[in-house]
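Note sheet for the following structure.
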Amino acid sequence: MSVVALESRAGSGNWLSGLFGLIGRFFSGFYGRVSQSISTIGRSAHLAGEMIRYSVTDSISLRLAGGEVIDQTWRMFKVTALPALLMAVPIGAEVSVQVGGVMDQVGANSLAGAASGLGVVSQGAPMAAGLLMSGAAASAIASDLGARSIREEIDAMRVMGVNPVQRLIVPRFLAMILIAPTLCVMIIASGVGAGLAISANVNNVVPASFWQSFGAFATPVDLIFSVVKAVLFAFIVVVIASLRGLEAKGGPKGVANAVNASVVLSVFCIFMTNLAVSQLQTMFFPARLA
């Protein structure tokens with residue numbers, strides 16, 4: 001056999017070896033990512049179970065840190081209330097402007113209130129509340145717990161027999177559950193008010209006609225589902241932000257990564273949860289005139 005043939009066969013063998021090695025590394029990395037994701041979901045479920053258990057047991061046994069809950073509620077409300085109002089006005093105005101123009105072309109100005117009822121109440125308000133909580137509240141929770149983690153305060157609490165979930169996370173969890181419906185109702189009121197102002201002053205809609213169509217299409221079920229969505233979003237935000245904060249490592253960079261991951265994951269989970277709940281609402285409570 002010639003030298004050229006031997007070199008050609010060796011080159012072919014090296015190419016195949018490199019290809020199989022690349023495929024092996026791909027599947028190894030894919031398996032690692034999948035197993036890591038499943039492990040993260042398991043830790044999140046375990047943390048959520050602990051949060052709910054301690055919230056119930058501490059409330060019944062009167063061991064709940066009520067002062068800490070009130071303090072966290074006020075802190076989170078301060079950082080989300082004003083942005084909620086500022087976000088609600090453009091949402092309501094945008095719905096009225098876009099839908100009002102179409103309705104004006106078809107001569108259905110009297111249905112302007114229905115757009116606010118279906119758009120702001122059903123989708124705009126809970127999504128805006130969830131995004132605010134994922135941006136402001138989640139970053140606050142993740143940064144606080146992350147800073148405690150890199151300073152080894154969390155480990156010190158465990159050594160002293162203090163459960164960090166019971167002491168630090170449960171008050172923040174209850175605070176988020178308390179402010180979520182408040183934010184949702186505030187956004188609904190501000191958004192509908194902005195929609196009414198735009199409809200009456202720009203699209204020449206009679207206010208009485210606006211409220212009549214709003215009441216005909218926006219049912220109490222829509223309001224209930226809107227509040228339920230906000231509470232679910234608050235629960236998701238606390239679980240993700242708390243887990244990322246407790247697992248932060250690597251100094252200030254680790255805290256920044258924990259905050260970034262908590263915000264991104266919270267937004268993604270909020271959109272997916274909103275889709276699922278909206279689908280369930282459409283299946284079991286189809287839209288109809290009130």
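Side chains are part of it too, since the values below use all heavy atoms of this structure and drop only hydrogens, waters and symmetry mates.
Here the straight-line distance linking atom CG of D58 with atom CZ of R167 works out to 11.0 Å at 0.5 Å rounding. Note that CG of L174 is 11.0 Å distant from CD of E68, once rounded to the nearest 0.5 Å. Between the CZ atom in F284 and the CD atom in Q279 there is a gap of 10.0 Å [rounded to 0.5 Å]. Note: L145 CG to E153 CD = 10.5 Å, rounded to the nearest 0.5 Å. Distance CG/L246 to CG/D155: 10.0 Å, rounded to 0.5 Å. The line from CZ of R75 to CD1 of I141 is 12.0 Å long, rounded to the nearest 0.5 Å.
Enclosure of atom CZ in R53 by more than 12 non-hydrogen atoms of other residues, nucleotides or ligands within 6.0 angstrom is indicated.
L223 and L196 fall within the same hydrophobic cluster, where Ile, Leu, Val, Met, Phe, Trp and Tyr residues are linked whenever their side-chain heavy atoms come under 4.5 Å apart, directly or through other members. By the criterion of side-chain heavy atoms lying less than 4.5 angstrom apart, applied directly or through intervening Ile, Leu, Val, Met, Phe, Trp or Tyr residues, I52 is grouped together with L168 in one hydrophobic cluster. Residues V231 and M133 are members of one and the same hydrophobic cluster, defined by side-chain heavy-atom contacts under 4.5 angstrom among Ile, Leu, Val, Met, Phe, Trp and Tyr. Linking Ile, Leu, Val, Met, Phe, Trp and Tyr whenever their side-chain heavy atoms come within less than 4.5 Å leaves V264 and V237 in two separate clusters. Under the 4.5 Å side-chain heavy-atom criterion for ILVMFWY residues, no single connected hydrophobic cluster contains both M176 and I236.
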- Task: Take M87 and I187, measure what side chain to side chain contact (heavy atoms under 4.5 Å, CB included) needs, and give me the verdict at the end.
- Result: CA-CA 8 Å; M87 184 180 290; I187 294 173; 5.7 Å; no

- Task: List the steps and the verdict of ring-ring contact (aromatic ring centres under 6.0 Å, His included) for F225 and F285.
- Result: CA-CA 10 Å; F225 269 93; F285 300 92; 5.4 Å; yes

- side chain to side chain contact (heavy atoms under 4.5 Å, CB included) between M186 and T182, worked out: CA-CA 6 Å; M186 287 175 55; T182 306; 4.0 Å; yes

- Can you check side chain to side chain contact (heavy atoms under 4.5 Å, CB included) on D222 and T219, steps first, answer last? CA-CA 5 Å; D222 296 325; T219 63; 3.2 Å; yes

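Residues D144 and R172 have side chains in contact (heavy-atom distance under 4.5 Å, counting atoms from C-beta outward). Residues L85 and V89 are not in side-chain contact: their nearest non-hydrogen atoms beyond the backbone lie 4.5 Å or more apart. The shortest distance between side-chain heavy atoms of T273 and K229 does not fall below 4.5 Å.
Here the side chain of S262 pairs a donor or acceptor atom with the backbone of V259 at under 3.5 angstrom. Side-chain atoms of D71 do not come within 3.5 Å of backbone N or O of G67 as any donor-acceptor pair. In this structure a side-chain-to-backbone donor-acceptor pair under 3.5 Å is present from S226 to V121. S143 contributes a side-chain N or O that, together with a main-chain N or O of A140, makes up a donor-acceptor pair within less than 3.5 Å. S149 contributes a side-chain N or O that, together with a main-chain N or O of G245, makes up a donor-acceptor pair within less than 3.5 Å. Using a distance-only test at 3.5 Å, with no hydrogens or angles considered, a donor-acceptor pair links the side chain of N257 to the main chain of K253. Checked by atom type and distance alone, the side chain of S242 never pairs as donor or acceptor with a backbone atom of V239 at under 3.5 Å.
What you find for A138 and S266 is that their closest heavy atoms are CB-OG, 4.4 Å. Contact between V227 and C184 at its shortest, heavy atoms only, is N-SG, 4.2 Å. Between R244 and L265, the closest heavy-atom pair is NH2-CD1, 3.4 Å. What you find for V170 and M51 is that their closest heavy atoms are CG2-O, 4.0 Å. Minimum interatomic distance between G254 and A248 (heavy atoms only, all atoms of both residues): O-CB, 4.1 Å. Across all non-hydrogen atoms, the minimal contact from G130 to F233 is CA-CD1, 3.9 Å.
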